[in-house]
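Sequential numbering from 1 along the given sequence is applied to the chain's residues.
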Amino acid sequence: RADSAPRLSATNTTYLQDFTLVAGNPAGAGGSGGGSVGYYTATFTTGGCPSTGLVSYWKLNSNMNDENTTNNGALPGVPNTPVYFVGQNQESLAFDGTNDYADLGTFNPGANGGLAIGAWVRFSSLAATDYTIIAKASGTATASTTWALGVTTVTVNGVPRKVLTYTVKAGGTSTQIIASRGWLHENIWTFVAGTYNASNGEMKIYKGQDEVGAGNHAVGGNVTTNADAVWLGDHPAAAGSRPLSGFIDEVKIYDAALS
């Protein structure tokens, strides 16, 4: 690796995902020169997504059922309905980038006070300035957002780049952090996550196993609870405000700060 981005520790058993290492053998699978390129694949099962602290889990395989509890979602109907499509794992939801969203109700994470959100995303287009992957909010302003995982645009050396954002409201104050690395790209399945530790206010953003952003909440403490809507693929409460163009799959929410 050419960069020094922090990565998920090999000794940590609370990963948000498993991962696969693919190693190439330029000499061919048989090990002799001149052959075709061979590849060896090893999947590291690092405890997967732990059950402790798991609030909700949406596989999005032809339905909006919560596989963990009863926070079942619903599709809003034409013209705002995403469609089921081939995903990272079986099926996903495909969003048109105009006004599609999926309604996950108004639930709040559990009693532990922290928050971790993980999902697989594949962007069809990153032409707009901002996108929402998932959000609990009453409007697009940071102050109106209870929690959200999204995308924004930053300029690096004169070049616009797309990066992840993570917003959490605690103590009545919303704080947003923006990733400082880990540029996003179109047409690639990418695991994205945000975590918040209620005990020390620490917020982190992950792209795959890489920590790509970190900061501290302005107030700290337990995540604010309220009756705001929770949406996938756009920002409540107005369809088309930050619509995602692409696919979302395997969404999990915890009330603990995983890493």
Review point. Does a donor on one side chain sit under 3.5 Å from an acceptor on the other, for Asn89 and Glu250?
Key: yes
Exercise for review: Write down the atom of Val86, the atom of Trp189, and the distance for their closest heavy-atom approach.
Suggested key: O-CZ2, 4.2 Å
**Study point:** Within-4.5 Å side-chain heavy-atom neighbours: Val192 and Leu164
**Key:** yes
Review point. Does Ala179 offer a backbone N or O that forms a donor-acceptor pair with the side chain of Lys207 under 3.5 Å?
Key: no
Practice item. Any chance you could measure Asn108, atom CG, to Asn222, atom CG, to the nearest 0.5 Å? Key: 11.5 Å
Review point. So do Ile134 and Val251 actually touch side chain to side chain, heavy atoms under 4.5 Å?
Key: yes
Check your understanding: Is a donor on one side and an acceptor on the other found under 3.5 Å between the side chain of Asp103 and the backbone of Gly105?
Key -> yes
Point to revise | Lys136 side-chain N/O to Thr145 backbone N/O, donor-acceptor pair under 3.5 Å | key: no
**Study point:** Any residue meeting side chain to side chain contact (heavy atoms under 4.5 Å, CB included) with Asn187, in chain and number order, not counting sequence neighbours
**Key:** Arg122
Study note, to complete from the structure: Under a side-chain separation threshold of 4.5 Å, the hydrophobic residues clustered together with Tyr101 are Trp231
**Study point:** Main-chain N/O of Gly240 paired to Asp234 side chain as donor or acceptor, under 3.5 Å
**Key:** yes
Practice item. Looking only at non-hydrogen atoms, find the nearest pair between Gly221 and Tyr196 and report the distance. Key: O-OH, 2.5 Å
Review point. What about the rings of Trp147 and Tyr254, do their centers lie closer together than 6.0 Å?
Key: no
Practice item. Calculate, to the nearest 0.5 Å, the distance between atoms CG and CZ belonging to Asn157 and Arg161 respectively. Key: 8.5 Å
Exercise for review: Mark yes or no for whether Asn61, through its side chain, and Glu91, through its backbone, hold a donor-acceptor pair below 3.5 Å.
Suggested key: yes
Check your understanding: Got Thr152 and Val163 here, is their nearest side-chain heavy-atom distance under 4.5 Å?
Key -> yes
Exercise for review: Say whether, by atom type as modelled, one donor and one acceptor occur between the side chain of Asp100 and the main chain of Asp96 under 3.5 angstrom.
Suggested key: yes
**Study point:** Flag side-chain contact, heavy atom, 4.5 Å: Tyr131 against Arg242
**Key:** no
Check your understanding: Would you say the side-chain atoms of Thr146 and Asn226 include a donor-acceptor pair closer than 3.5 Å?
Key -> yes
Check your understanding: Is a side-chain N or O of Glu186 found less than 3.5 angstrom from the main chain of Leu126, in a donor-acceptor match?
Key -> yes
Check your understanding: Within the side chain of Ser125, is there an N or O that forms a donor-acceptor pair under 3.5 Å with the backbone of Ala127?
Key -> yes
Review point. Any side-chain donor-acceptor pair under 3.5 Å between Thr153 and Asp130?
Key: no
Point to revise | Donor-acceptor under 3.5 Å (Ser241 side chain, Ala237 main chain) | key: no
Point to revise | Value rounded to 0.5 Å, distance of OG1 in Thr81 from CG in Leu75 | key: 5.5 Å
Point to revise | 4.5 Å side-chain heavy-atom contact, Ile205 and Ile177 | key: yes
Practice item. Evaluate the side-chain hydrogen bond (donor to acceptor under 3.5 Å, both in side chains) criterion for residues Ser56 and Asp66: first the C-alpha distance (whole Å), next the side-chain angles of each, then the deciding distance (0.1 Å), finally the verdict. Key: CA-CA 6 Å; Ser56 291; Asp66 180 352; 2.7 Å; yes
Check your understanding: Which heavy atom of His235 sits nearest a heavy atom of Thr132, and at what distance?
Key -> ND1-OG1, 2.8 Å
Review point. Any idea which heavy atoms bring Gly73 and Trp58 closest together, and the distance?
Key: N-NE1, 4.2 Å
Exercise for review: Please step through side-chain hydrogen bond (donor to acceptor under 3.5 Å, both in side chains) for the pair Thr195 and Lys204, ending with a clear verdict.
Suggested key: CA-CA 5 Å; Thr195 72; Lys204 293 184 178 181; over 6 Å; no
Practice item. State, to 0.1 Å, how close Leu60 and Ile248 come at their nearest heavy-atom pair, and which atoms those are. Key: CD1-O, 3.4 Å
Practice item. Quickly, which of Thr224, Ile117, Val219, Val223 forms a side-chain contact (heavy atoms from CB on, under 4.5 Å) with Val168? Name it, please. Key: Val223
Check your understanding: With distance as the sole test, does Thr69 use its side chain to make a donor-acceptor pair with the main-chain N or O of Val55 at under 3.5 Å?
Key -> yes
Review point. Would you call Leu232 and Phe95 a side-chain contact if the rule is heavy atoms closer than 4.5 Å?
Key: yes
Review point. Taking the side chain as C-beta and beyond, is there a heavy-atom pair between Trp120 and Ser92 under 4.5 Å?
Key: no
Check your understanding: Of all heavy-atom pairs between Ala102 and Met64, which one has the smallest distance, and what is that distance?
Key -> CB-CE, 3.7 Å
Review point. Just checking, any donor-acceptor pair under 3.5 angstrom between side chains of Thr173 and His217?
Key: no
Check your understanding: Going by heavy atoms in the side chains, are Leu115 and Ile253 under 4.5 Å from each other?
Key -> yes
